[in-house]
Amino acid sequence: MAVERYNPKQAEKRWQRRWEEERTYETDNESPKPKYYVLEMFPYPSGRIHMGHVRNYALGDVVARYKRARGFNVLHPMGWDAFGMPAENAAIQNNIHPRDWTYANIDAMRKQLKSMGLSLDWSREFATCDVDYYKQQQALFLDFLAAGLIYRRNSKVNWDPVDMTVLANEQVIDGRGWRSGAVVEQRELTQWFFRISDFAEDLDASLDTLDGWPEKVRTMQRNWIGKSRGIEIPFPLVKPQGEIDTVHCFSTRPDTMHGASFIAISPDHPLSLELEARNADLAAFNAECRRIGTSEEALEKAEKRGFDTGLKVRHPTEDRDLPVWVGNFVLMSYGTGAVFGCPAHDQRDLDFARKYDLPVRNAFYLVGDRTPVLDEALVPAKSETVVYVDHFAGLTEMTGQEAIDRTIAWFENKNLGNGITRYRLRDWGLSRQRYWGAPIPVIHCDDCGAVPVPAADLPVELPADVTLGKPGNPLDHHPTWKHVGCPACGKAARRETDTMDTFVDSSWYFARFTAPWHDAPTESAVASAWLPVDQYIGGIEHAILHLLYSRFFTRAMRQTGHLDLKEPFRGLFTQGMVVHETYRAERNGKSEWIAPADVVIEEKEGQRQARHVGTGEPLLIGSIEKMSKSKKNVVDPDDIIDGYGADTARFFMLSDSPPDRDVIWSEAGVEGAHRFVQRIWRLIGEASESLKAAEARAGSEGRALEVSRASHKTVKAVGEDIEKLAFNKAVARLYELVNTLAAPLSDVVAGKADADLAAACKQAAGHLVQLFAPMMPHFAEECWNLLGNDGMVATTPWPEHDPALVIDDQIVMPVQINGKKRGDLTIDRDADQSAVQQAVLSLDFVQSALGGNVPRKLIVVPRRIVNVVI
RNA sequence: GCGGACGUGGCGAAACUGGUAGACGCAAGGGACUUAAAAUCCCUCGGCCGCGAGGCUGUACGGGUUCGAGCCCCGUCGUCCGCACCA
């Protein structure tokens, strides 16, 4: 009987409608089942989903569906990270309101996501630009402010001259704005800050508990927090000329004190500022340093420049003085803004010393090698044993680390300095001079200062009418919005016109999903029961900022009673990118990118050649790169879903490449996935009538038993693979099972199978459908129906494997002679050592290899391998 | 410079805890069916030698440990990622 080809278009629509009608994926907070929270990083509503989204949500949906089938109460929500600059840019370019642009994009993308058939609870959907969401965020702000977790101060800020906004340190990459790429300038502004640095120790220490995170991400966070143990040592000025009489230096290597030959302070160090007022040359030097600042070119040149102040400080342990220099390489933002220079054991200090002719003194030598430092600083690992020159803190022959510990203790003992732990992590500036963000709920009064908006007056809503495109802050330009009475004294006052960094929005959305209808940021008990997110899935690009901010927010929300836990994400998975070949045409002497949709690939004698589909011109096949508009190597998910169906697209995304690696999108690969779908459809379709008549049970002997063994083994293995997110392996096992089932199924169709084999095939076919259901949910429902089942696979419990069927009675053991495989031994699984040995020695090829002799050794690894050593 | 990950066929990749290297897929080649094409099915597919059975060799490179190494140890080379005037 011929079976028509599977038509995903109709089937997928039909099942999506049914799931929606039956609210199959809506989650009940009251369910007694154990909870499981799966979350993919929510998208920015740019207008269309791209293949990266398809991969992200396909991965998460497998987990969600699998856990649901395993009996968990699964929370799998979706929302929109909807504030941000692209909406303002679009507004300026297309003369459309940011709100309208954003919500239209959300509508379009929601429709696309729905066409993927994801098992999402859409009833919990929200966008961060919804008034209700940012109202709750403002409530959080007020609570954080009251708890002292937010403060306001003047600060030098990173100013992006293109986007005309302030950037957090984390948003400055190589001296440029993370979004605009413009060289960042320094400006002085009054800004709101989160006290994230107060949590530095806990954020660092707690990384050790996150064993469900990739080591790589933990390392990146650890580096970012930048904990370092050191000491702060005061160096008294020999002849103070102003108010400052001591320079405090931070050092992680106080054991090298004997090698100190100068002090270097930052141009912005208080002492430098004091001197600058009286010394025009220094003022000029400092101005030059500030001008170059942290821009990329300055970092590249990295030329050490210094200015001798003429001042001297007293060495704390020796009878000598050290000159005080201002150095362009000393950062005010790290440590104390002052360091002692030890040229012998620091390459940067050595370069500086050589340039300005300062002494180079070894504080230690390598064991048995007293060559003094010349052009290369001596910087052995802290674990290496070295010989110290000066024995001031009891330093002799010991490791660097030992010496550091001793020195710190010694300084503390003598009251000459304090051991101190420093972090690179700075407080998080959250003020942005933008319109499309959550307004900061504060009112500035000339008499009362910065007054929080009373909770009852929330939300502070964005005005609908706004003029964008003028430099500066749009809310500040607004004719009326900012003018309000002071909540404290009633006098005329002004609203804060800055809005919050959009990273704030994404720092707690995962908590909001647990009760998005609640008239408070969270329903604390509910949120604490759902959290942490059991499996969070997203791109590695968020390894530092978003995840660190969310970890901070969870702590801050705990402190303010909104949650009761520390770590928001128990399991984290960072997926790889979707990449694609690039194509180029030479036109009028210029090279132009060509979209994959316009390319035909031909293969001739192993050579791949590309042609333009319209003009026929030959094209260059370029490198494989992340899909991007500029290189035109994007494939539109809509086209794929339209052509092959969502299931095929999802299945391809899960096949072949491990999910944490980049996946190369290829037409051939998608077609392969599609062929597999059609093959299953044919096999099940042809056999469906016979299978319906059969009973579903495991076979007891012969081929039926083999079929059952194969299917039960696959059930076990696929479950384990999904638990480990090794979807590519799970897919391979499904292929294997289908390959195994093909012949028995066609025998069933041909009437050549007995009742036992038919029963085993029926059960195996059912297993197969259930196993791929999390990956290809619509197709699975169709097949499930075809097999004569009434309910939906989506609500059917995961199959249990029979332990007896995953173990073979007979096993095949490879037999090696001197470590090289020479044959196999088929033997009872439970055969004991001596039985195996006997069987091995009686094998023909073993006997002929032995030539009548006794083996020197006979190694039997139970159930694995035999090695005969001659 | 510091930190991390990785290196397996033509390609994407498997290989449990040191135990048959290359499962599974893609591409390719050959064949069947067909008036033809599509679709489908069958066979081959790391390299070298051999008619064949089979043998040798092979997981970036050089050593080592082991009955046995893709996996462990030492060294070298290469690729990718993160951080970086961090004291």
Side-chain angles (χ1 to χ4, degrees), chain A residues 5 173-174 214-224 226-228 230 249-254 256 264 266 294 298-304 327-331 333-342 345-349 351-352 379 422-424 540-541 543-544 601 603-606 608 652 655-658 660-664 666-673 675-676 678-679 682 717 720 726 728-739 742 746 812-824 855-870:
Chain A
R5 285 173 70 78
I173 295 151
D174 292 337
E215 193 52 48
K216 177 185 178 138
V217 175
R218 290 202 272 175
T219 305
M220 284 164 73
Q221 294 229 339
R222 207 167 272 126
N223 288 344
W224 191 261
K227 178 177 178 172
S228 63
C249 294
F250 177 66
S251 172
T252 56
R253 293 304 299 261
T256 65
S266 162
T294 55
L299 293 182
E300 266 172 27
K301 278 191 212 145
E303 195 198 344
K304 313 286 172 286
N328 66 338
F329 59 88
V330 185
L331 303 173
S333 58
Y334 188 81
T336 57
V339 297
F340 70 78
C342 178
H345 306 297
D346 184 303
Q347 191 59 45
R348 186 196 55 203
D349 292 348
D351 295 344
F352 192 80
V379 192
R422 289 273 173 193
Y423 302 89
R424 206 182 73 103
I540 186 75
E541 67 272 20
I544 300 176
I601 302 280
E603 192 125 6
K604 276 183 198 157
E605 291 147 21
R608 298 179 69 242
F652 170 68
S655 310
D656 295 346
S657 289
D660 53 343
R661 264 184 244 179
D662 291 351
V663 62
I664 302 169
S666 75
E667 199 72 10
V670 186
E671 272 163 15
R675 269 202 298 275
F676 185 60
Q678 295 296 352
R679 186 176 177 212
R682 225 170 25 246
E720 287 167 359
N728 56 321
K729 289 197 250 171
V731 166
R733 295 189 205 282
L734 292 174
Y735 273 103
E736 274 178 307
L737 181 58
V738 170
N739 290 343
S746 70
V812 177
M813 293 176 82
V815 177
Q816 298 181 327
I817 291 172
N818 289 338
K820 294 195 177 188
K821 191 196 165 191
R822 285 292 181 266
D824 291 316
R856 288 203 295 152
K857 237 181 191 179
L858 186 53
I859 292 154
V860 177
V861 183
R863 287 169 200 164
R864 284 215 184 275
I865 203 164
V866 180
N867 192 6
V868 185
V869 185
I870 297 170

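Just so we're on the same page: letters track the sequence lines, and every chain starts at 1.
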(request) Look at the side-chain N and O atoms of A/R424 and state whether any lies under 4.0 Å from the OP1 or OP2 oxygen of B/A84. (result) yes

(request) Would you please test A/N728 and A/R661 for side-chain hydrogen bond (donor to acceptor under 3.5 Å, both in side chains) and show each step? (result) CA-CA 11 Å; A/N728 56 321; A/R661 264 184 244 179; over 6 Å; no

(request) Starting at atom OH of A/Y423, determine the distance to atom C1' of B/A87, rounded to an integer number of angstrom. (result) 17 Å

(request) Taking all heavy atoms of A/I870 and all of A/N818, pick out the closest pair and write down the distance. (result) N-OD1, 2.9 Å

(message) Dot-bracket, 5' to 3', for RNA chain B please: Watson-Crick or G-U pairs under 3.5 Å, [ ] where pairs cross earlier ones, | where the partner sits on another strand, dots elsewhere.
(response) (((((((..(((......[....))).(((((.......))))).((((....))))..(((((..]....))))))))))))....

(message) Less than 4.5 Å apart, side chain to side chain, heavy atoms only: is that true for A/V866 and A/L858?
(response) yes

(request) First locate atom CD1 of A/I865, then atom CD of A/Q816, and finally report the distance between them rounded to the nearest 0.5 Å. (result) 3.5 Å

(request) For B/G70 versus B/C61, give the span between their C1' atoms, rounded off to a whole number of Å. (result) 14 Å

(message) Using the side-chain heavy atoms of A/T219, tell me which of these nucleotides is nearest: B/G4, B/G19, B/C85.
(response) B/G4

(message) Rounded to whole Å, how long is the line connecting atom CZ of A/R253 with atom P of B/C86?
(response) 14 Å

(message) Can a side-chain donor-acceptor contact be found between A/Y334 and A/S228 if the only test is distance below 3.5 angstrom?
(response) yes

(request) Calculate the interatomic distance between A/L734 atom CG and B/A14 atom P; express it in whole Å. (result) 16 Å

(request) Ignoring backbone atoms, establish whether A/N728 has a side-chain N or O less than 4.0 Å from OP1 or OP2 of B/C24. (result) no

(message) Output one letter per nucleotide in nucleotides 68-73 of chain B: B when a protein non-hydrogen atom lies under 4.0 Å from the base, S when only the sugar-phosphate is that close, - when neither is.
(response) S-----

(request) May I ask you to evaluate whether A/N739 reaches the phosphate of B/G25, defined as a side-chain N or O under 4.0 Å from OP1 or OP2? (result) yes

(request) For nucleotides B/U57 and B/G50, find the distance between their C1' atoms and express it as a whole number of Å. (result) 15 Å

(message) Considering every strand and a 4.0 Å limit on heavy-atom distances, what is the contact class for A/S657: base, sugar-phosphate, or nothing?
(response) sugar-phosphate

(request) Between B/C83, B/G25, B/A23, spot the one nearest the side chain of A/D656, thanks. (result) B/G25

(request) Determine the interatomic distance between C1' on B/A36 and the same-named atom on B/A23; round to the nearest Å. (result) 38 Å

(request) Looking only at non-hydrogen atoms, find the nearest pair between A/N739 and A/R679 and report the distance. (result) OD1-NH1, 2.8 Å

(request) Taking atom C1' in both B/C26 and B/U79, compute the distance separating them and give it to the nearest angstrom. (result) 24 Å

(message) By nearest atom, which of the nucleotides B/G25, B/G19, B/A87 is closest to the A/I859 side chain?
(response) B/G19

(message) Distance check, C1' atoms only: B/G22 and B/U35, in whole angstrom units.
(response) 43 Å

(message) Please report the distance separating the P of B/G12 from the corresponding atom of B/G19, rounded so that it comes out in whole Å.
(response) 25 Å

(message) Rounding to an integer number of Å, can you tell me how far A/K821 NZ sits from B/C56 P?
(response) 14 Å

(request) Would you indicate whether the side-chain heavy atoms of A/L737 and A/R733 approach each other to under 4.5 Å? (result) no

(request) Counting heavy atoms from C-beta on, name the nucleotide in B/C16, B/C56, B/C86 closest to the side chain of A/R864. (result) B/C16

(message) With nearest nucleotide decided by heavy atoms, which residue, A/P658 or A/M220, maps closer to the 5′ end of RNA chain B?
(response) A/P658

(message) Working to the nearest 0.5 angstrom, can you tell me the gap between A/T256 OG1 and A/D346 CG?
(response) 8.5 Å

(message) Below the 4.0 Å mark, does B/C41 have OP1 or OP2 next to a side-chain nitrogen or oxygen of A/R679?
(response) yes

(request) State the syn/anti category of B/G30 according to its glycosidic angle, syn meaning within 90° of 0. (result) anti

(request) Measure across A/F250 and A/T336 and return the closest heavy-atom pair with its distance rounded to 0.1 Å. (result) N-OG1, 3.4 Å

(request) Quickly work out the A/L858 CG to B/C67 P distance and round it to whole Å. (result) 14 Å

(message) At less than 4.0 Å, is any side-chain N or O atom of A/R863 found next to OP1 or OP2 of B/U17? Yes or no.
(response) no

(message) Can you tell me if A/K820 touches the phosphate of B/G55, counting only side-chain N or O atoms and a distance under 4.0 Å to OP1 or OP2?
(response) no

(request) Round to the nearest Å and state the distance from A/I865 atom CD1 to B/A21 atom C1'. (result) 12 Å

(request) Starting at CZ of A/F340, measure out to CG of A/D349 and round the result to the nearest 0.5 Å. (result) 9.0 Å

(message) Taking any heavy-atom pair under 4.0 Å as a contact, classify A/Y334: base, sugar-phosphate, or nothing.
(response) base

(request) Could you work out the separation of B/G68 and B/U20 based on their C1' atoms and round it to a whole Å? (result) 12 Å

(message) Quick check: on RNA chain B, is the nucleotide nearest A/V663 upstream (toward 5') of the one nearest A/A732, or the reverse? Name the residue that is more 5'.
(response) A/V663

(message) Need one value for A/R682: base, sugar-phosphate or nothing, where a base atom within 4.0 Å counts as base even if backbone is also close, heavy atoms only.
(response) sugar-phosphate

(request) Quick one: pull up OH in A/Y735 and OG in A/S655 and give me the separation to the nearest 0.5 Å. (result) 5.5 Å

(request) Report which part of the nucleic acid A/R661 touches: base, sugar-phosphate, or nothing (heavy-atom distance under 4.0 Å, all strands). (result) sugar-phosphate

(message) I want to check one thing: is the phosphate of B/G4, taken as OP1 and OP2, less than 4.0 Å away from some side-chain N or O of A/K216?
(response) no

(request) Provide the distance between the two P atoms, one in B/C2 and one in B/U17, to the nearest whole Å. (result) 32 Å

(request) Scan A/R733 against the nucleic acid and name what it touches under 4.0 Å (heavy atoms): base, sugar-phosphate only, or nothing. (result) nothing

(request) Please report the closest heavy-atom contact between A/R422 and A/G335, naming both atoms and the distance. (result) NH1-O, 3.5 Å

(message) Without decimals, in angstroms, what is the distance between A/D351 CG and B/A87 P?
(response) 16 Å

(message) Let's see if you can work this out: which of B/U20, B/G25, B/C83 has an atom nearest to the side-chain heavy atoms of A/D824?
(response) B/U20

(request) For A/V330, report the nucleic acid contact type (base, sugar-phosphate, nothing); a contact means any heavy atom under 4.0 Å. (result) base

(request) With heavy atoms under 4.0 Å as the rule, sort A/V869 into base, sugar-phosphate or nothing. (result) sugar-phosphate

(message) Could you work out, with salt bridge (Lys or Arg N to Asp or Glu O under 4.0 Å) as the rule, every residue matching A/R682, not counting sequence neighbours?
(response) none

(message) Counting only side-chain heavy atoms from C-beta out, which of B/A84, B/U20, B/A13 sits nearest to A/P814?
(response) B/U20

(request) Figure out the CD/P separation between A/Q221 and B/C83, and round it to whole Å. (result) 12 Å

